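Structure record follows, encoded as structure tokens.
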Amino acid sequence: MMDYINGETVSIVLFFTGVYGLIARRNIVKSIISLGILQVAIILYFISANFEEGAVPPIGDVSSSAIVADPLPQALMITDIVIGMGVTAASLTMFIHMYHRYGSTNWLKVKRKRMK
Amino acid sequence: MIDFIWLIMLPIVMGVPVIFIKFNIAKKIIAVFQGLMVFASILNFVHIKKNGELLQNIAGWPDYIAITLRADLLAAAMVMLATVIFMALILFSMKKKFADSMFLFLFIALEGLIIGIFLANDLFSLFVLIEVATVIISILIMYKKDTSSIYDGTLYLLINVVAMSFFLFGTGMIYKTTGVLDLYGIKEVLGKMTEPDSVMLPYAFIVTAISLKAALMPLFSWLPKAHGTPSAPSVISAVLSGLYVKNGIYLFVRVQDAFSGLIDTSSIFVYMGLLTAIIGFLLAVVQDDIKLILAYSTVSQIGLIMMALNLGDERAFWGGLYHIFNHAVFKTTLFLAAGVITDHYKTRDAGRIRGVYKNMPIISTAAIFAILGIIGAPFFNGSISKYLISFGLTEFIGEIGILIVNLGTVTIFVRFSEIFFGESNLKKPKTDGYTLSVITFLGILCFIGGIFGQSIISFLFNEYFEVNIESYIQKAASFLITLALGYGLYYGFIKKVNIARFLQKHELSFNGVCTAITIFFIFILSYVRITH
């Protein structure tokens with residue numbers, strides 16, 4: 001049982017929790033939060049996907065250890081964190097603009113006003 | 001020989017100082033610079049045509065560590081198309097009021113990103129480029145900051161970020177199974193595997209994201225809002241419809257190729273393309289807004305291209321790729337012409353705009369050339385690509401499909417061309433020289449693409465196809481019949497019966513689009529699981 005609770009499965013569950021949030025929540029802020037959950041799930045997946053017991057970080061002198069962790073996913077995820085932050089900031093800014101114009105945080109109400 | 005990295009970086013680097021200098025000088029600098037970009041991309045294309053596919057490491061890092069850029073003939077041709085279209089658009093916006101330095105910067109940076117997407121070789125750099133392009137495009141959509149465009153821009157941003165999350169998750173899974181990220185490496189590793197089980201999930205994730213980018217059937221509802229948003233400048237609509245959506249199709253071709261060793265879903269995408277084309281046509285024909293008519297007709301044309309690419313016939317495949325180029329040219333012309341028309345008439349309602357031909361004869365002629373291209377009239381570029389596509393259609397579904405799609409396109413543009421006729425009491429507008437020359441140039445390009453279609457195809461793709469005069473005449477005859485049918489369908493049925501009007505109000509909310517993405521993902525996953 002405990003074997004199943006590893007980074008991969010947790011991240012897949014997290015990912016679909018985020019997707020659920022996107023589908024079921026009509027609050028725009030909650031949609032942006034759900035996007036954050038998706039990003040966290042992705043980061044967790046990348047970091048833990050090729051995890052091996054006892055691997056050392058690929059920094060400094062690594063000659064003493066037999067297993068070295070794969071540095072690529074970590075490099076990619078640093079990029080992704082930066083991008084994710086930028087995207088979240090952009091969507092929150094846009095949300096504030098939208099809130100000023102439409103006076104609502106609800107997707108349906110905003111859409112109804114837009115269609116008029 | 002030009003380093004690919006400069007094709008991507010130069011537009012962005014050039015854009016930054018432009019923000020700080022006077023706009024009148026800045027736009028001249030950018031126009032000259034863009035001329036150089038066109039020149040560079042042509043040089044690049046000629047070089048690759050001569051020497052074959054080329055792989056470059058960024059910044060001189062050794063192999064396996066560096067980020068690589070790869071250009072084959074198709075990528076180089078796409079880059080050339082991108083620079084030419086951007087050249088036209090920058091000249092077009094020379095004397096327009098909406099443009100300022102910031103706009104110019106975002107616009108030219110977008111060019112670099114689009115070129116980057118064509119040249120990028122690994123999934124993660126694709127992700128980064130697309131994500132940045134998404135943010136820039138959503139800012140450009142809401143550039144005029146009016147109420148409806150803010151909604152459209154936000155929706156565009158969030159939907160595309162959701163899709164790219166799917167893409168990145170798929171990338172992670174692919175990296176876990178294969179240990180590589182670049183598309184050719186994936187193809188190589190997957191070629192050695194025998195069991196497709198472990199790549200089904202990542203495939204479904206990645207294809208879902210790319211289908212959204214390419215605006216396939218249930219996932220296109222962001223497209224008309226983004227491409228047809230009322231207040232966005234027409235150059236933005238033109239670049240989105242003409243170029244950016246082609247990035248999605250191009251990625252689709254690349255990803256299908258990378259996975260082709262294990263997973264083949266082309267037969268389902270033929271039907272998806274057909275469905276997309278039909279629904280796009282149904283929604284286009286009921287719109288009143290001329291920009292929305294054009295945006296939905298893009299959806300329908302994408303369906304046609306998707307069908308052609310997945311038919312599995314070589315001629316249809318290259319015909320589909322040629323149609324990408326043609327569509328870029330005529331849709332850009334149409335959007336630019338629509339922009340000029342709406343600026344003059346102060347309305348976008350196709351029912352109220354009349355007498356455009358009398359007021360703007362030159363622009364109307366170019367727009368009519370583009371319409372003749374898109375409906376596939378003989379001697380125009382669309383006829384060549386549709387002629388080639390129709391070869392792949394040996395099966396029943398294809399025969400019927402292309403007839404319906406053609407009929408749909410004809411009907412859409414019968415409706416659209418109503419605006420050229422009649423009388424209008426408005427004065428003749430003053431159109432500046434840049435606008436006129438750009439639209440005329442693109443209109444003539446539609447004609448050239450038809451007359452010299454064969455030689456252009458062999459120039460672009462190194463493929464030669466015989467256009468048989470007899471069957472070409474046969475196609476021309478069937479075109480005339482379709483034209484008559486389309487006329488009848490529009491005036492006899494759609495215009496009289498308001499049953500289709502409820503379609504006009506069809507629109508998914510953000511939650512609806514997310515549901516559609518999830519359903520599409522589950523559908524692709526179960527399809528792959530059942531058939532493999």
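In what follows, chains are A, B, ... by sequence order, proteins preceding strands, each numbered from 1. Values in this document were obtained by computation on a predicted structure and should not be read as measured data.
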> What option among B:Val135, B:Ile139, B:Thr518 has the most heavy-atom pairs under 4.5 Å with chain A?
Replying inline: B:Thr518

> Any donor and acceptor pair, going by atom type alone, linking the side chain of B:Asn511 with main-chain N or O of A:Trp107 inside 3.5 Å?
Replying inline: no

>> With a sphere of 6.0 Å drawn around CZ of A:Arg26, does it hold more than 12 non-hydrogen atoms of other residues, nucleotides or ligands?
In response: no

> Hey, are the side chains of B:Met173 and A:Ile12 touching, using non-hydrogen atoms and a 4.5 Å cut-off?
Replying inline: yes

>> B:Leu155 vs A:Arg114, test: side chain to side chain contact (heavy atoms under 4.5 Å, CB included). Steps then yes/no.
In response: CA-CA 12 Å; B:Leu155 201 69; A:Arg114 159 72 173 84; over 6 Å; no

> What are the two closest heavy atoms between A:Phe46 and B:Thr171, and how far apart are they?
Replying inline: CZ-C, 4.1 Å

> For A:Lys30, does the NZ atom sit with more than 12 other heavy atoms under 6.0 Å from it, leaving out its own atoms?
Replying inline: no

> Counting only heavy atoms not in B:Tyr184, do more than 12 fall under 6.0 Å of its OH?
Replying inline: yes

> OG of B:Ser509 to NZ of A:Lys109: how many Å apart, nearest 0.5 Å?
Replying inline: 14.0 Å

>> Can you tell me how far apart CZ (B:Phe510) and CG (A:Asn106) are? Round to the nearest 0.5 Å.
In response: 13.0 Å

> Tell me, do A:Met94 and B:Ile150 make a side-chain contact under 4.5 Å, heavy atoms counted?
Replying inline: no

> A:Ile42 and B:Ser165: which non-hydrogen atoms are nearest, and at how many Å?
Replying inline: CD1-O, 3.4 Å

> Relative to chain A, which of B:Asp152, B:Val132, B:Asp146, B:Thr134 shows the most heavy atom pairs under 4.5 Å?
Replying inline: B:Asp152

> Contact part of B:Ile517 toward chain A, heavy-atom cut-off under 4.5 Å: side chain, backbone, both or neither?
Replying inline: neither

>> So which atom in B:Leu158 and which in A:Ser91 form the shortest heavy-atom distance, rounded to 0.1 Å?
In response: CD2-CB, 3.6 Å

>> Does any backbone or side-chain atom of B:Tyr156 lie under 4.5 Å from a heavy atom of chain A? Answer side chain, backbone, both or neither.
In response: neither

>> Taking the ring of B:Phe169 and the ring of A:Phe16, is the distance between their centroids below 6.0 Å?
In response: no

>> As a quick check of understanding, evaluate side chain to side chain contact (heavy atoms under 4.5 Å, CB included) for A:Asp80 and B:Leu168, giving each step before the final call.
In response: CA-CA 9 Å; A:Asp80 184 45; B:Leu168 191 57; 3.4 Å; yes

> Does the side chain of B:Phe127 come within less than 4.5 Å of A:Leu76's, by heavy atoms?
Replying inline: no

> Can you tell me how far the OG atom of B:Ser148 sits from the NZ atom of A:Lys113, to the nearest 0.5 Å?
Replying inline: 14.5 Å

> Atom OG1 of B:Thr154 and atom OH of A:Tyr102: how far apart are they, to the nearest 0.5 Å?
Replying inline: 8.0 Å

>> Between B:Val513 and chain A, with a heavy-atom cut-off of 4.5 Å, which part of the residue counts as in contact: side chain, backbone, both or neither?
In response: neither

> Which region of A:Leu22, side chain (C-beta onward) or backbone (N, CA, C, O), has a non-hydrogen atom less than 4.5 Å from a non-hydrogen atom of chain B, or is it both or neither?
Replying inline: both

> Do you know which of A:Leu72, A:Leu38, A:Ile32, A:Leu108 has the most heavy-atom pairs with chain B at a distance under 4.5 angstrom?
Replying inline: A:Leu72

>> For a quick test of reading the model, state the closest non-hydrogen atom pair linking A:Tyr45 to B:Lys176 and the distance between them.
In response: OH-CD, 3.4 Å

> So do A:Lys111 and B:Tyr151 actually touch side chain to side chain, heavy atoms under 4.5 Å?
Replying inline: yes

>> Take a 6.0 Å sphere around CE of B:Met193 and say whether it holds more than 12 heavy atoms from other residues, nucleotides or ligands.
In response: yes

